[in-house]
Amino acid sequence: MHFEYQNPTRIVFGTGTLSKLGEVVREYGKKALVVTGGGSVKRNGTFERAVRSLNEAGVAVAQCAGVEPNPRIATVERGADTARREECDVVVALGGGSVMDAAKVMAAAVFYEGDPWNMMAHGQPDRRLPESALPLITVPTLAATGSEMNSGAVITDEKSTLKSVVSARCLYPKVAVVDPELTLSVPKDQTANGICDLITHVTESYFNGIDGTPVQDRFAEGVILTAMEWGPEAIADGSNIQAREQVQWASLVALNGWVQAGTASPFPVHMIEHSLSAHHDIAHGAGLSAINPSWMRFAARTRPDRFAGFAHRIFSIPLNGPEDSSAAMEGINRFEAFLASIGCPTSLGEMKIGDALIEQYAQDTLQVIHDAEGRLPGRPPMSAE
Ligand code: NZQ
Ligand code: ZN
């Protein structure tokens with residue numbers, strides 16, 4: 001096992017920490033570009049509280065609203081233009097993964113020469129990673145992606161219908177202000193999608209990694225068990241702050257690179273899902289949920305031992321030897337039942353996605369895996385550069 005790991009993002013975690021936003025941001029700049037999504041933070045009062053905290057700390061505000069789920073490169077360009085025009089010296093992302101990802105690329109696009117799409121894995125052959133960015137402070141309002149403390153961003157180019165990844169050292173947020181109270185308004189379906197997303201972040205390396213990583217595997221199991229215990233509580237009662245806290249911390253741990261360190265995972269389920277959500281307007285977590293059971297049954301043919309271990313440690317299914325393929329299948333069935341129990345789709349048919357574009361999805365997936373691996377040999381796309 002060989003790896004380098006550094007995650008420089010400072011975390012300010014806990015209920016009520018939004019009130020500290022101003023003092024945190026003031027350390028990095030005097031005028032913030034505040035990036036938001038389609039309006040949830042305005043409807044639930046989070047935006048107003050954030051701006052008040054910034055203003056009280058003497059930080060002026062410019063806005064970039066309207067980042068769409070599965071954010072577009074045109075939106076990134078619009079935000080970078082605003083940051084330049086308004087002479088912002090810091091960026092604040094107030095929203096879900098889409099807002100945080102868009103804000104990351106906006107922060108880098110301010111200094112980037114040429115088309116910012118060239119930062120992305122699909123930007124080959126002109127691919128050039130960003131080397132500098134405005135300081136970014138993330139304030140997640142949805143527990144799912146872990147974007148608040150990793151170096152990755154996922155952006156879609158509408159023209160080519162490609163959804164692609166960038167990961168660069170300069171994209172790490174300086175600080176993540178993580179206030180679980182901000183997630184109390186997340187509806188049941190988005191809460192469930194987030195739970196599926198965070199679990200998949202650790203199963204990607206659990207099932208695809210190299211062998212001999214017991215520490216990473218036990219961390220992954222801890223994330224899965226925590227999400228399966230507290231996730232349904234957060235769905236059943238959205239105002240359960242303890243459940244929201246556990247799910248949110250799990251989502252950060254799942255994709256801050258710690259669990260993936262040394263596992264050399266290519267994230268295939270994600271790469272397939274990105275191809276789907278580039279073509280269809282679907283939530284990322286729901287797309288992963290639809291792909292997971294079939295992908296697992298396929299992968300278990302070559303690695304029954306990993307899936308048997310999963311069945312045993314997650315569902316306490318007794319094993320008849322380390323490669324017990326019927327136990328492996330039972331574990332996958334139980335996982336599929338869990339996904340269905342929280343209201344997530346477990347097949348593409350359930351999402352009304354037919355097979356007309358199946359060849360295209362396959363080609364796009366192979367392309368992005370090839371491009372990402374060409375740049376990051378043996379590393380997961382979302383981990384530290
Ligand atoms: O846009 P608004 O109005 O804010 O509404 C959003 C959006 O409709 C809503 N929402 C967010 N916080 C809310 C809320 N509604 C009520 N109350 C709140 N507190 O939820 C909807 C979905 O938001 P979105 O940001 O799209 O969801 P998510 O956090 O799941 O992010 C998905 C995006 O992240 C990418 C995905 O591909 C997708 O584009 N990913 C980013 C990763 C990363 N940077 O590390 C890793 C992931 O694997 C993923 O690929
Ligand atoms: Zn994901």
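Counting starts at 1 for both ligands and their atoms, in listed order.
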Quiz item: When you look for heavy atoms under 4.0 Å from ligand 1, do you find them on the side chain of Val41, its backbone, both, or neither?
Solution: neither
Exercise. List every atom of ligand 1 that sits less than 4.0 Å from any heavy atom of His270, numbering the atoms from 1 in the order shown and giving each element.
Key: 48 (O)
Self-check item: Numbering as shown, the atoms of ligand 1 that approach Ser185 to under 4.0 Å (heavy-atom distance)
Solution: 16 (C), 17 (N), 18 (C), 19 (N)
Quiz prompt | For Leu255, the ligand 1 atoms whose distance to one of its heavy atoms is below 4.0 Å | solution = 45 (O), 46 (C)
Exercise. Indicate yes or no: at least one non-hydrogen side-chain atom of His284 is less than 4.5 angstrom from one of Ile282.
Key: no
Self-check item: N/O donor-acceptor pair under 3.5 Å between Asp364 side chain and Ser275 backbone
Solution: no
Exercise. Only heavy atoms count here, so choose which of Ser98, Gly38, Pro69 is nearest to atom 32 (C) of ligand 1.
Key: Ser98
Quiz prompt | Validation row: Phe267, Ile272 side chains within 4.5 angstrom (heavy atoms) | solution = no
Self-check item: Close-contact set for ligand 1 against Gly39 heavy atoms, below 4.0 Å
Solution: 3 (O)
Self-check item: Per-atom contacts, ligand 1 versus Asp101 - under 4.0 Å to a heavy atom
Solution: 34 (O), 35 (C), 40 (N), 41 (C), 42 (C), 43 (C), 44 (N)
Quiz prompt | Any Gly152 heavy atom less than 4.0 Å from ligand 1 | solution = yes
Practice problem: Would you check whether Glu273 reaches within less than 4.0 Å of ligand 1, judged by its heavy atoms? | Solution: no
Quiz item: Sub-3.5 Å donor-acceptor pair from the side chain of Arg72 to the main-chain atoms of Asn70, do we have one?
Solution: yes
Quiz item: Does some non-hydrogen atom of Asp197 fall short of 4.0 Å from ligand 1?
Solution: yes
Quiz item: For ligand 1, which atoms sit closer than 4.0 Å to a heavy atom of His274?
Solution: 37 (O), 50 (O)
Quiz item: Which option, Ala65, Gly257, Ala144, owns the non-hydrogen atom nearest atom 30 (O) of ligand 1?
Solution: Ala144
Self-check item: Residues Lys163 and Glu158 bridged, charged N to O under 4.0 Å
Solution: no
Practice problem: Describe, in one word, how the ring planes of Phe310 and Phe207 are oriented to each other, choosing from parallel (under 30°), tilted (30 to 60°) and perpendicular (over 60°). | Solution: perpendicular
Quiz item: On the ring face of Tyr206, is Arg306 found with NZ or CZ under 6.0 Å from the centre and within 45° of the axis?
Solution: yes
Quiz item: Any chance the rings of Tyr361 and His274 have centres within less than 6.0 Å?
Solution: no
Quiz item: Would one find an N or O of Gly146, backbone or side chain, under 3.5 Å from an N or O of ligand 1?
Solution: no
Self-check item: Candidate pair Lys104 and Glu148, rule salt bridge (charged side-chain N to carboxylate O under 4.0 Å, His left out), full reasoning
Solution: CA-CA 10 Å; Lys104 277 180 190 171; Glu148 52 269 45; over 6 Å; no
Run the side-chain donor-acceptor check on residues 313-324: report pairs under 3.5 Å with partners two or more places apart or on a different chain.
residue, atom, partner, partner atom, Å
Asp324, OD1, Ser326, N, 3.1
Asp324, OD1, Ser326, OG, 3.1
Asp324, OD1, Ala327, N, 3.0
Asp324, OD2, Asn320, N, 2.8

Exercise. List every atom of ligand 1 that sits less than 4.0 Å from any heavy atom of Asn70, numbering the atoms from 1 in the order shown and giving each element.
Key: 38 (C), 39 (O)
Quiz item: Is the shortest distance from a Lys or Arg side-chain nitrogen in Arg218 or Glu221 to a carboxylate oxygen in the other one below 4.0 Å?
Solution: yes
Quiz prompt | Sub-3.5 Å N/O-N/O distance, Leu182 and ligand 1 | solution = yes
Practice problem: Around the Zn ion (ligand 2), list the protein N/O/S atoms within a radius below 2.8 Å, excluding water molecules. | Solution: Asp197 OD1, His201 NE2, His270 NE2, His284 NE2
Self-check item: Where ligand 1 meets Gly37 - atom numbers and elements under 4.0 angstrom, heavy-atom basis
Solution: 1 (O)
Exercise. Say whether Met100 and ligand 1 are in contact under the criterion: heavy-atom distance to a ligand atom below 4.0 Å.
Key: no
Self-check item: contact_flag Glu68 ligand 1 heavy-atom lt 4.0 Å
Solution: no
Quiz item: Any nitrogen or oxygen of Lys104, main chain or side chain, under 3.5 Å from a nitrogen or oxygen of ligand 1?
Solution: no
Quiz item: Looking only at distance, does Thr183 have an N or O less than 3.5 Å from an N or O of ligand 1?
Solution: no
Practice problem: Could you check Arg244, Gln248, Gln242 and say which one makes a side chain to side chain contact (heavy atoms under 4.5 Å, CB included) with Gln246? | Solution: Gln242
Quiz item: Looking only at heavy atoms of Pro71, does any of them come nearer than 4.0 Å to an atom of ligand 1?
Solution: yes
Exercise. State plainly whether the residues Asp81 and Arg84 are in salt-bridge range, i.e. N to O under 4.0 Å.
Key: yes
Self-check item: Flag, side chain of Gln190 to backbone of Val186, donor-acceptor distance under 3.5 Å
Solution: no
Practice problem: Please lay out, stage by stage, how Asp115 and Arg128 fare under the test salt bridge (charged side-chain N to carboxylate O under 4.0 Å, His left out). | Solution: CA-CA 10 Å; Asp115 183 349; Arg128 199 166 23 89; over 6 Å; no
Quiz item: Just heavy atoms, cut-off under 4.0 Å: does Asn150 contact ligand 1 by side chain, backbone, both, or neither?
Solution: side chain
Exercise. Without swapping roles, check the side chain of Arg49 against the backbone of Ser19 for a donor-acceptor pair under 3.5 Å.
Key: no
Quiz item: Could you go step by step and tell me if Lys31 and Glu87 meet the salt bridge (charged side-chain N to carboxylate O under 4.0 Å, His left out) rule?
Solution: CA-CA 7 Å; Lys31 185 164 188 184; Glu87 298 181 345; over 6 Å; no
